[in-house]
Structure formats: structure tokens, C-alpha cells
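Only heavy atoms go into these numbers, but all of them, side chains included; no hydrogens, no water, no symmetry mates. Order of the sequence lines fixes the chain letters, A, B, ..., with proteins taken first and strands second; residue numbering starts at 1 for each chain.
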Amino acid sequence: MILKISHASVFVLDQDSAFDFYVNKLGFEVRQDNQMGPAFRWLTVGPKEQPNFELILLPVKEGALFKKDKVKIMTDLLKEGTLGGLVMDCTDIYATYEELTQKGVIFAHPPIKQIYGRIDTTFKDDSGNWVSLGQNV
Amino acid sequence: MDVYPKVFLYRRLVQSKLFIDNHFAEKIDLDNIADEAYCSKFHFIRLFKGVYGRTPHQYLTFVRLEQAKSKLKNNISVNDASFAVGFESPTSFASLFKRTYGQTPSYFRATQIKLSSARQKTPLKFIPGCITAKFNLDK
């Protein structure tokens with residue numbers, strides 16, 4: 001029986017920039033930040049209120065995971081906004097939308113009350129991953 | 001037309017919250033924050049709690065404690081961490097920390113330093129096997 005998801009990953013174009021976005025803009029905690037040799041940095045973050053979950057910020061770069069041609073494909077997909085799919089909950093959608101907007105996060109639109117019982121909106125992270133942010137009502 | 005309901009009210013509350021986020025280490029007069037939000041102190045406290053689930057004072061304490069945790073993780077002493085985040089007495093900080101997190105700041109600091117050291121010495125123990133295999137980290 002599967003109990004929970006402990007880790008999930010998003011591909012990012014630049015780990016330093018992603019660190020800044022997820023920690024300084026979204027307010028996530030750094031869970032692990034460990035450079036392992038010259039080529040691999042293990043970087044995970046998570047919401048302060050969800051201590052047992054780690055979001056892995058995996059870089060799209062040439063190496064063990066991606067060949068050069070795949071790096072180009074992934075980079076294009078990220079920049080086009082094709083990838084992503086994280087869904088985040090917050091305590092008050094309007095306050096969170098306002099705060100993140102003031103911090104420079106770009107939203108697709110202001111929060112909208114949806115027919116499925118949620119007020120939500122969408123933004124892109126610094127790499128182009130789209131993220132849904134909402135509050136159940 | 002407003003982009004969402006009570007937009008100006010939300011902007012004032014967010015400004016107050018960000019003020020606390022940015023000035024937590026200083027002596028903050030929460031009455032002044034209410035003035036800047038252009039409402040009475042009691043109305044402001046009620047609105048703030050409605051949005052953030054904590055009164056402004058509780059939120060300020062929460063931010064200071066979270067910042068202190070971060071400093072303790074980085075090997076800063078309990079006394080230095082306490083003063084650096086705006087507590088006036090390390091003793092009251094330690095007691096509040098224990099009440100909030102169920103462990104003393106010294107114990108928290110010691111376990112975090114031990115954990116950090118283990119992550120440095122044996123990093124693969126802290127990384128899921130699928131990542132280790134995909135990135136050939138064990139070779």
C-alpha cells in the first residue's frame with residue numbers, strides 16, 4: 001500500500017535561479033543542497049508547512065540524463081511552457097496572489113472561482129514550468 | 001472594476017506581512033503597522049488573523065523562530081541566533097522554541113549539525129536510489 005509521495009521532481013534550466021525563485025519568492029525551505037562532484041548538485045526544497053515532502057530541482061543539462069540534442073528539446077519545451085503541472089494549495093489565494101505578484105511572479109490571470117469548488121490561478125516558475133495555485137472553498 | 005474582491009484591503013495586509021518578513025530582527029511596533037494599513041488596531045488584528053491564521057504578533061514570533069531554526073542549522077550558537085532574529089532574551093527564546101517545536105534549541109542545533117555532517121560524509125544515503133542510478137552517482 002502506497003502511503004504518500006515523499007519526493008517529486010521538476011526540471012529547471014538553472015539551479016541557482018530556481019533556488020532563488022522557490023526559496024526567496026515562493027518562500028520554500030531548502031531541504032538539501034549538496035554538491036556531489038563537479039557535475040551534480042542535489043537540490044531539494046519544500047513548503048515550510050509540509051516538512052515530509054521534497055521537491056527536487058533537477059537541472060536540464062548535458063550529462064548522464066540528457067544527451068545534447070535532448071537538452072535542446074527539454075529547454076525548448078520548458079521555455080514554451082509545455083512542462084510543469086505542480087498544483088499548490090495556499091491558505092488565502094488572494095493574499096498569496098498579491099504577495100507573489102509584488103515579488104515579481106507572473107500570473108496568467110487573477111484568481112478565479114472555479115466550478116469544481118476551488119479559487120485558483122496559474123503562474124510560471126523561472127524556468128517556464130506552469131504551476132496551479134489555489135484554495136479550496 | 002477590481003481584479004478580485006477587496007483588492008485594496010489585501011494589498012494593505014500583504015504590505016504589513018512583508019514588513020514583518022523584512023524587519024523581523026528589529027524592534028517592530030505592531031501598532032504602527034496597523035496605522036499603515038489605515039485601520040484600527042483591533043480590526044487590523046482580526047483581518048490579519050483571518051488571512052494568515054495568526055495574529056500579527058503570533059506571525060512575528062513564528063517568523064523569528066523559523067529564522068532562528070535556519071541559523072541554528074548553520075551552526076550559529078543559541079545565544080547569537082536568538083539575538084540575531086530579534087529576541088531580547090535567550091532564555092525566553094529557548095523556552096518559546098521548546099514550547100513550539102518540542103525540543104530545546106541546543107538539541108535541535110546538535111541534531112541538525114549531526115545530520116548535515118552525515119549528508120556530507122555519506123550523501124548517497126540521503127538520495128533516492130532512482131536518482132543515484134540515473135545519474136551514475138555510485139560509480
Side-chain angles (χ1 to χ4, degrees), chain A residues 5-9 11 23-25 27-44 47-49 51 54 56-59 61-66 90-105 107-113 119-121 135 137, chain B residues 1-22 37 47-54 59 62-63 65-67 69-70 73-74 100-102 112 115-139:
Chain A
I5 294 176
S6 63
H7 295 70
S9 54
F11 289 109
V23 175
N24 298 327
K25 287 197 165 70
F28 281 21
E29 278 179 340
V30 179
R31 296 282 151 76
Q32 296 193 61
D33 188 359
N34 206 350
Q35 185 70 44
M36 297 172 65
F40 187 81
R41 180 183 179 192
W42 176 239
L43 177 60
T44 72
K48 285 187 177 126
E49 308 283 349
E54 295 185 54
I56 308 162
L57 304 177
L58 274 180
K61 64 179 185 183
E62 195 176 342
L65 199 59
F66 295 114
C90 59
T91 48
D92 187 300
I93 183 63
Y94 299 117
T96 310
Y97 168 82
E98 190 57 44
E99 177 175 341
L100 296 183
T101 299
Q102 287 190 27
K103 288 180 173 174
V105 176
F107 285 85
H109 53 77
I112 295 171
K113 191 165 187 176
I119 305 171
D120 64 15
T121 178
Q135 174 191 356
V137 288
Chain B
M1 190 186 136
D2 291 343
V3 285
Y4 56 84
K6 300 178 186 172
V7 58
F8 291 106
L9 176 67
Y10 273 104
R11 282 183 185 153
R12 286 173 194 164
L13 286 170
V14 167
Q15 289 290 351
S16 308
K17 189 250 185 198
L18 291 176
F19 183 86
I20 294 173
D21 287 345
N22 295 327
L47 292 172
F48 194 97
K49 187 166 183 182
V51 167
Y52 295 110
R54 293 178 171 98
Y59 181 71
F62 167 76
V63 171
L65 285 171
E66 285 292 309
Q67 292 291 333
K69 271 170 83 178
S70 171
K73 279 183 188 172
N74 287 312
T100 308
Y101 300 118
Q112 290 298 317
L115 183 63
S116 173
S117 166
R119 280 181 178 146
Q120 292 298 325
K121 282 182 194 156
T122 54
L124 293 184
K125 284 190 180 173
F126 298 90
I127 296 179
C130 58
I131 299 284
T132 305
K134 277 280 180 198
F135 287 88
N136 300 324
L137 298 177
D138 49 352
K139 288 180 184 143

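Within the 4.5 angstrom heavy-atom criterion, no atom of A:Lys113 approaches chain B. Using a 4.5 Å cut-off between heavy atoms, A:Ile119 does not touch chain B at all. Residue contact with chain A, scored on non-hydrogen atoms closer than 4.5 Å, involves the side chain of B:Leu18 exclusively. Within the 4.5 angstrom heavy-atom criterion, no atom of A:Ile93 approaches chain B. Contact annotation for A:Phe40: only side-chain heavy atoms (C-beta onward) come within less than 4.5 Å of a heavy atom of chain B. For a residue to count as touching a neighbouring chain, one of its non-hydrogen atoms must lie under 4.5 Å from one of that chain's; by this rule B:Leu137 touches chain A with the side chain only. Residue A:Glu54: no heavy atom, backbone or side chain, is found under 4.5 Å from chain B. Heavy atoms closer than 4.5 Å to chain B are found nowhere in A:Gln35, neither backbone nor side chain.
For the atom pair CD (A:Glu99) and CZ (B:Arg11), the distance works out to 14.0 Å, reported to the nearest 0.5 Å. Taking OH of B:Tyr52 as the reference point, atom OG1 of A:Thr96 lies at 7.0 Å (rounded to 0.5 Å). Considering CG of A:Asp33 and CZ of B:Arg119, their distance stands at 10.5 Å, rounded to 0.5 Å.
Within the 4.5 Å cutoff, the side chain of B:Ile131 has no heavy atoms near those of the A:His7 side chain. Within the 4.5 Å cutoff, the side chain of A:Tyr94 has no heavy atoms near those of the B:Lys6 side chain.
When B:Leu124, B:Ile127, B:Thr132 are each tested for a side-chain contact (heavy atoms from CB on, under 4.5 Å) with A:Trp42, only one passes: B:Ile127.
In the displayed structure, B:Lys134 atom NZ is contacted under 6.0 Å by at most 12 heavy atoms of other residues, nucleotides or ligands.
Proximity of a side-chain donor or acceptor of A:Asn34 to a complementary backbone N or O of B:Pro123 within less than 3.5 Å is not detected. Between the side chain of A:Glu98 and the backbone N or O of B:Val14, no donor-acceptor pair lies under 3.5 Å.
The shortest non-hydrogen separation linking A:Ala64 to B:Phe135 is CB-CA, 3.8 Å.
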